[in-house]
Amino acid sequence: MPTLNIIGAGRLGKTLARLWQRQGIFQIGAVCNRSLESAVSACRFIGAGTPCPSVETMADADCWLIASGDGQIAAIATQLAPRLSNSTMVFHCSGALSSSTLSPCKPAAVASAHPVHSFADPERSVATLAGSCVALEGDQRAIEHLSKAFSAIGCTPLTITPEHKVLYHAGSVFACNYLTALMELSLRAFSAAGIDRQQALKLLKPIVLQTAENNMHLGPEKSLTGPIARGDAETVAAQLSSLQSTDTQLANCYRQLGQVCVELARRCQLPEETAARLTEVLREPSEKI
Ligand SMILES: NC(=O)c1ccc[n+]([C@@H]2O[C@H](COP(=O)([O-])OP(=O)(O)OC[C@H]3O[C@@H](n4cnc5c(N)ncnc54)[C@H](OP(=O)(O)O)[C@@H]3O)[C@@H](O)[C@H]2O)c1
């Protein structure tokens, strides 16, 4: 079984390590975190591994995972580089950075492997990671190896090119992080209408979950409902005016996202004339013809 050393066994690192160790995919070797105490605790969670106080004190391994924060990956790669041979493999799991961050580690095979999963709670992630996709890019040998390693713990590999890594990551940011931003905007509008956050969350839960389900099954075009899908420009104008006098940021976001809804509704046979009227209503006051 190949050995895997980990630099940065935090939420993601210790989750993957425990799953790979359990499945017999990698033998977890040395583990180094910022503090030794944290490395000891990570090894306890993984159920294997040797905690090390520094990268220099880590024994050699077939494969290295750098799972520190994104900002530390380049410096750790440079620190690691002199001890690597062309038979070793190094990867990181950042969604934003490509494998080129690891180029100081060459001639070792380098890759990035981004699991599309939120590792908020490692204990939960161990139980729920299977079924997630993992986006891979980098050297062929590393991609082949990681493809097998992630498949063995229930993840579906997909390969992307390094040039597209940033756009790919922006795609996840829209759907995950910005969904959270949308929830916040929604709660602010409810709050302005006299409905407190707890009550609003209760009210939203079924409809938000149902909308997410609809999108997964039907796609965005067929999931769009509401005033824009119905071509109801009067309601849109009334909501916008109300938002404008309550909270300018809410009104601005409503305008921008509304334009995307008009595009979707147009693809679902909204008459051109109605779409044009909605677009005009949603335009910034300064842009109005
Ligand atoms: N969390 C997610 O949902 C998620 C999802 C996909 C991809 N990722 C990617 O996974 C990577 C790790 O994210 P994470 O959320 O697991 O981070 P995290 O929970 O903050 O863990 C980072 C770990 O790195 C250690 N570390 C930081 N600097 C170090 C250094 N110079 N030397 C050695 N260890 C160092 C920290 O040690 P201490 O414990 O001692 O502070 C900590 O254990 C990132 O590249 C991130 O983009 C995360």
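When a ligand or atom number is given, it counts from 1 through the structure's own listing order. The first residue in the sequence is number 1, and the count goes up from there.
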**Message:** Students should be able to answer this: which protein heavy-atom is nearest to atom 25 (C) of ligand 1, and at what distance?
**Reply:** Gly8 CA, 3.6 Å

**Message:** For the aromatic rings, using the six-membered ring if either is Trp, is the centroid distance between Tyr168 and His114 under 6.0 Å?
**Reply:** yes

**Prompt:** Relative to atom 6 (C) of ligand 1, which among His169, His114, Glu37 owns the nearest non-hydrogen atom?
**Reply:** His114

**Message:** Give me the nearest non-hydrogen protein atom to atom 43 (O) of ligand 1 as residue plus atom name, then the distance to 0.1 Å.
**Reply:** Asn33 ND2, 3.2 Å

**Prompt:** Looking only at protein heavy atoms, which one is nearest to atom 12 (C) of ligand 1, and how far off is it?
**Reply:** Ala67 O, 3.2 Å

**Request:** Measure from atom 45 (O) of ligand 1 to every heavy atom in Leu65, Leu97, Asp70 and give the option owning the shortest one.
**Result:** Asp70

**Contacting atoms of ligand 1, where contact means under 4.0 angstrom from a heavy atom of His117** = 3 (O), 5 (C)

**Candidates Ser99, Ser100, Ser112 - the one meeting side chain to side chain contact (heavy atoms under 4.5 Å, CB included) with Lys165** = Ser112

**Message:** If we set the cut-off at 4.0 Å for heavy atoms, which region of Ala9 has an atom near ligand 1: side chain, backbone, both, or neither?
**Reply:** backbone

**Prompt:** Any idea which of Ser68, Ser94, Ser172, Gly69 brings a heavy atom closest to atom 11 (C) of ligand 1?
**Reply:** Ser68

**Message:** Starting from atom 42 (C) of ligand 1, what is the nearest protein heavy atom, named by residue and atom, and what distance separates them?
**Reply:** Gly10 CA, 4.1 Å

**Asked** Of the protein's non-hydrogen atoms, which lies at the shortest distance from atom 35 (C) of ligand 1, and what is that distance?
**Response** Arg34 N, 3.8 Å

**Item:** Sub-4.0 Å atoms of ligand 1 with respect to non-hydrogen atoms of Cys93
**Value:** 7 (C), 8 (N), 9 (C)

**Prompt:** What's the shortest distance from atom 15 (O) of ligand 1 to any protein heavy atom, and which residue and atom give it?
**Reply:** Arg11 NH2, 3.2 Å

**Message:** Return the closest protein heavy atom for atom 8 (N) of ligand 1 as residue, atom name and distance.
**Reply:** Leu12 CD1, 3.6 Å

**Request:** Flag Ile76 as yes when one of its N or O atoms lies below 3.5 Å from any N or O atom of ligand 1, and as no otherwise.
**Result:** no

**Asked** Among Gly71, Ser38, Ser118, Ser54, whose heavy atom sits nearest atom 38 (P) of ligand 1?
**Response** Ser38

**Prompt:** Have Arg34 and Gln72 got a donor and an acceptor in their side chains that come within less than 3.5 Å?
**Reply:** no

**Message:** Check this for me - ligand 1, Phe119, N or O atoms closer than 3.5 angstrom, yes or no?
**Reply:** yes

**Prompt:** Hey, is His92 one of the residues with a heavy atom under 4.0 angstrom from ligand 1?
**Reply:** no

